[in-house]
Amino acid sequence: MSEAGFQSVSNSVANYKPDDRIITNDGFFPNIDTADIRSGFRILESITADRLRQAVIRSMISVNRDLSSWKKTQISAGFLKLADVSSDQIDGQSTLATQYFQAVGCYTRADLIDSYRDVDRTRHGRHETDDLEPASGDLRRDGLYAIRDIIGEQRVAAALI
């Protein structure tokens, strides 16, 4: 790889402007601050700001897509943004906004775990990777639970046989 194509982690973080932390959403769902995702979901500083930003964007796209029908219903009912939709408040925050943040954060962390899985394939690294596999699935499940909570669906469907 040429020097021109290489960007060190320290350069990436040093060139990262605080304004770049905020990812503007679609107008209905709230904007996301990558610093809040990093701290709220224990994302290591070794993950560059650019990689985190891209993972958050991918996650926002996925969550927004999963909630698109629900969003259309809310807009038809006169709610122009998530903050307008009536919901319980906990610690001064809408539970719907909290669940949206949870879904995006869980999907982001799962995405990053999956992306970095192949970096260390030594015996020790394989062992750590094996420990991460259920975590990625658990995070996706938790993100899906948050989405289902927003749309008011049950988390698990079970039938007695």
Q: Determine the minimum heavy-atom distance between Arg38 and Ile47, stating which atoms define it.
A: NH2-O, 3.0 Å
Q) Cluster question for you: counting only ILVMFWY and a side-chain heavy-atom cut-off of under 4.5 Å, with indirect links fine, are Trp70 and Ile75 together? A) yes
**Q.** Value rounded to 0.5 Å, distance of CG in Asp66 from CD1 in Ile151
**A.** 8.0 Å
Q: Rounded to the nearest 0.5 Å, what's the gap from CG on Asp36 to CZ on Arg21? Could you check?
A: 7.0 Å
(Q) Is any side-chain heavy atom of Phe29 closer than 4.5 Å to one of Leu67? (A) yes
Q. If you round to the nearest 0.5 Å, how far is CZ of Phe28 from CG of Leu82?
A. 5.5 Å
Q. CD/Gln93 to CZ/Phe101 distance, rounded to the nearest 0.5 angstrom?
A. 9.0 Å
Q. Given the rule that I, L, V, M, F, W and Y join up when any side-chain heavy atoms are under 4.5 Å apart, are Val63 and Ile61 in one cluster?
A. yes
Q) Just wondering, do Ile37 and Asp33 contact through their side chains at under 4.5 Å, heavy atoms? A) no
(Q) Test side chain to side chain contact (heavy atoms under 4.5 Å, CB included) on Gln102 and Tyr145; report intermediate values, then the result. (A) CA-CA 9 Å; Gln102 176 75 12; Tyr145 283 174; over 6 Å; no
Q. Distance-only, no hydrogens or angles: does the Arg148 side chain make a donor-acceptor pair with backbone N or O of Gln154 under 3.5 Å?
A. yes
Q) Looking at Ala146 and Gln99, what are the two nearest heavy atoms and their distance? A) CB-O, 3.3 Å
(Q) Whether Asp26 and Lys71 form a salt bridge (side-chain N of Lys/Arg under 4.0 Å from carboxylate O of Asp/Glu) is what I want to check. (A) yes
Q.
Quick check against the 3.5 Å criterion: does Asn25 have a side-chain atom that pairs as donor or acceptor with the backbone of Gly27?
A. no
(Q) Quick check: do Val104 and Val56 have side-chain heavy atoms less than 4.5 Å from each other? (A) yes
Q) Do the side chain of Ser68 and the main chain of Arg65 share a donor and acceptor less than 3.5 angstrom apart? A) yes
**Q.** Side chain Arg109, main chain Phe41, donor-acceptor under 3.5 Å
**A.** yes
(Q) Main chain of Ala35, side chain of Ser39: is a donor-acceptor contact present, judged purely on distance under 3.5 Å? (A) yes
**Q.** Side-chain touch Tyr107/Ile147, heavy atoms, less than 4.5 angstrom
**A.** yes
Q) Does some side-chain heavy atom of Ile32 sit less than 4.5 Å from a side-chain heavy atom of Met60? A) yes
Q. Rounded to the nearest 0.5 Å, what separation is found between the CG atom of Asp88 and the CD1 atom of Ile90?
A. 6.5 Å
Q. Are Arg140 and Asp111 close enough for a salt bridge, meaning some N to O gap below 4.0 Å?
A. no
Q.
Taking the basic N atoms (NZ, or NE/NH1/NH2) and the acidic carboxylate oxygens, is any pair closer than 4.0 Å for Arg53 and Asp50?
A. no
Q) Is the closest side-chain heavy-atom distance between Ile23 and Thr34 below 4.5 Å? A) yes
Q: To the nearest 0.5 angstrom, please state how far the OG atom of Ser87 sits from the CG atom of Leu96.
A: 4.0 Å
(Q) Side chains of Tyr100 and Asp149: any donor to acceptor distance under 3.5 Å? (A) no
Q. Do Ser136 and Asp114 have a side chain donor and acceptor closer than 3.5 Å?
A. yes
